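Working notes, structure below.
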Amino acid sequence: MTPGETLAANAAALLGINLSGEQVLQFERLTQLLLAWNERMNLTAITDPEAIAIKHYLDALTLCQLLPRVDGLRLIDVGTGAGFPGLPLAIAFPRLQLTLMDSTAKKLRFIDSAAESLELGNIRSLHARAEDAGRDPDHREAYDIVVARAVARLPVLLEYTLPLCQPGGRVIAMKGATAVKDASAASEAIAALGGKLFAIKEARLPTLDDPRYLVVIDKINPTPLRYPRRAGLPARQPLP
Ligand code: SAM
């Protein structure tokens, strides 16, 4: 089986996602583009196509269990880097409207090029710091779902993500082994930003031993206007 076919089999067996032949080809093309661009700029340390399929694509698709099945949901991927988890979600779920945000412009050039090459009409890239986007009326409380992987420690990440989420929406942080401890330590920050911990779901992937967790926070109240604080402050002085 090709890595794309293995991805399709795993997505169906583990997550109940049925990828079409066209979507499998889009994933295979994305791998080619990622590896070609990676020779010119540092996009990913993972260069084996089978590992890319598991650690980047299948990992992203584990979010599906927490995405409401509603057309046109607005989702923002904060600190998307080379497009993870956003690009795999855009391929697998064409009805999502995705914004892929990062503070590094050159990674967004890869995303724009990949979206054009794969004919993904449901993606826009956004060059911004999360703290600035969170104060911008075009983005503040403008998204149904906010996701992030490998961007910052939880209290910092909460200040990046919760202001972007509309009340009634949901933030999903993709985290590693310390997720449960970190989420309980962040309970005050979650409440201060208008959130409520909904669940922490384990997301195991084939051939990987390290546990992965989805920390799910529902946005139950508007975020007070004092958050997010100015750029850099959430990371320098994380909320208690
Ligand atoms: N989410 C991707 C992944 O899992 O492969 C990229 C992870 S990379 C380690 C972290 C990314 O977050 C970088 O691309 C960085 O530029 C971005 N980032 C960090 N702080 C940010 C902020 N305050 N606003 C926007 N992007 C940020």
Side-chain angles (χ1 to χ4, degrees), residues 27 30-31 33-35 37-38 40-49 51-63 75-91 98-115 123-136 138-140 142-143 145-165 171-179 189 193 203 205 208 210-215 223 227-239:
F27 275 111
L30 178 59
T31 303
L33 292 169
L34 187 61
L35 293 178
W37 278 66
N38 209 37
R40 289 184 271 137
M41 63 170 75
N42 184 15
L43 291 176
T44 177
I46 304 167
T47 53
D48 168 48
I52 288 173
I54 292 174
K55 294 184 182 175
H56 283 325
Y57 303 164
L58 205 57
D59 190 39
L61 298 184
T62 59
L63 289 168
L75 182 151
I76 185 165
D77 178 7
V78 172
T80 188
F84 299 108
L87 276 173
L89 293 177
I91 294 174
L98 294 108
T99 301
L100 274 54
M101 176 174 73
D102 205 282
S103 53
T104 305
K106 66 178 185 173
K107 296 187 183 176
L108 298 175
R109 284 204 294 279
F110 166 71
I111 290 171
D112 290 338
S113 172
I123 283 188
R124 68 170 172 171
S125 64
L126 174 64
H127 179 213
R129 285 185 74 138
E131 302 94 311
D132 298 328
R135 305 196 76 85
D136 177 340
D138 286 344
H139 298 287
R140 184 179 177 89
Y143 297 92
I145 308 278
V146 185
V147 299
R149 184 182 83 162
V151 176
R153 289 182 42 239
L154 196 58
V156 182
L157 189 64
L158 292 168
E159 195 167 347
Y160 290 170
T161 53
L162 272 161
L164 297 164
C165 187
V171 169
I172 312 173
M174 306 177 75
K175 288 289 181 189
T178 61
L193 293 158
L205 296 176
L208 297 185
D210 56 322
R212 283 145 192 269
Y213 295 93
L214 304 176
V215 178
T223 297
Y227 301 122
R229 292 167 293 163
R230 68 185 149 76
L233 209 51
R236 280 202 302 281
Q237 291 173 20
L239 291 176

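These figures come from a predicted structure and were not determined experimentally. As the structure lists them, so they are numbered: ligands from 1, and atoms in each ligand from 1. Positions are given from 1, in the same order as the sequence printed here.
Remark: Thr80 engages Asp77 in a side chain to side chain donor-acceptor pair (under 3.5 Å) (not counting sequence neighbours). Residues satisfying the ring-ring contact (aromatic ring centres under 6.0 Å, His included) test with Phe110, not counting sequence neighbours, are Trp37. Listed by chain and number, the residues in a salt bridge (Lys or Arg N to Asp or Glu O under 4.0 Å) with Asp210 are Arg212 (sequence neighbours excluded).
Checked by atom type and distance alone, the side chain of Arg229 never pairs as donor or acceptor with a backbone atom of Glu159 at under 3.5 Å.
Pocket lining of ligand 1, defined as residues with a non-hydrogen atom under 4.0 Å away: Gly79, Thr80, Gly81, Phe84, Asp102, Ser103, Thr104, Lys107, Ala128, Arg129, Ala130, Glu131, Arg149, Ala150, Val151, Tyr160.
In this structure, a donor-acceptor pair under 3.5 Å is present between the side chains of Asp112 and Ser125.
Other residues, nucleotides and ligands contribute only 12 or fewer heavy atoms inside 6.0 Å of the CZ atom of Arg153.
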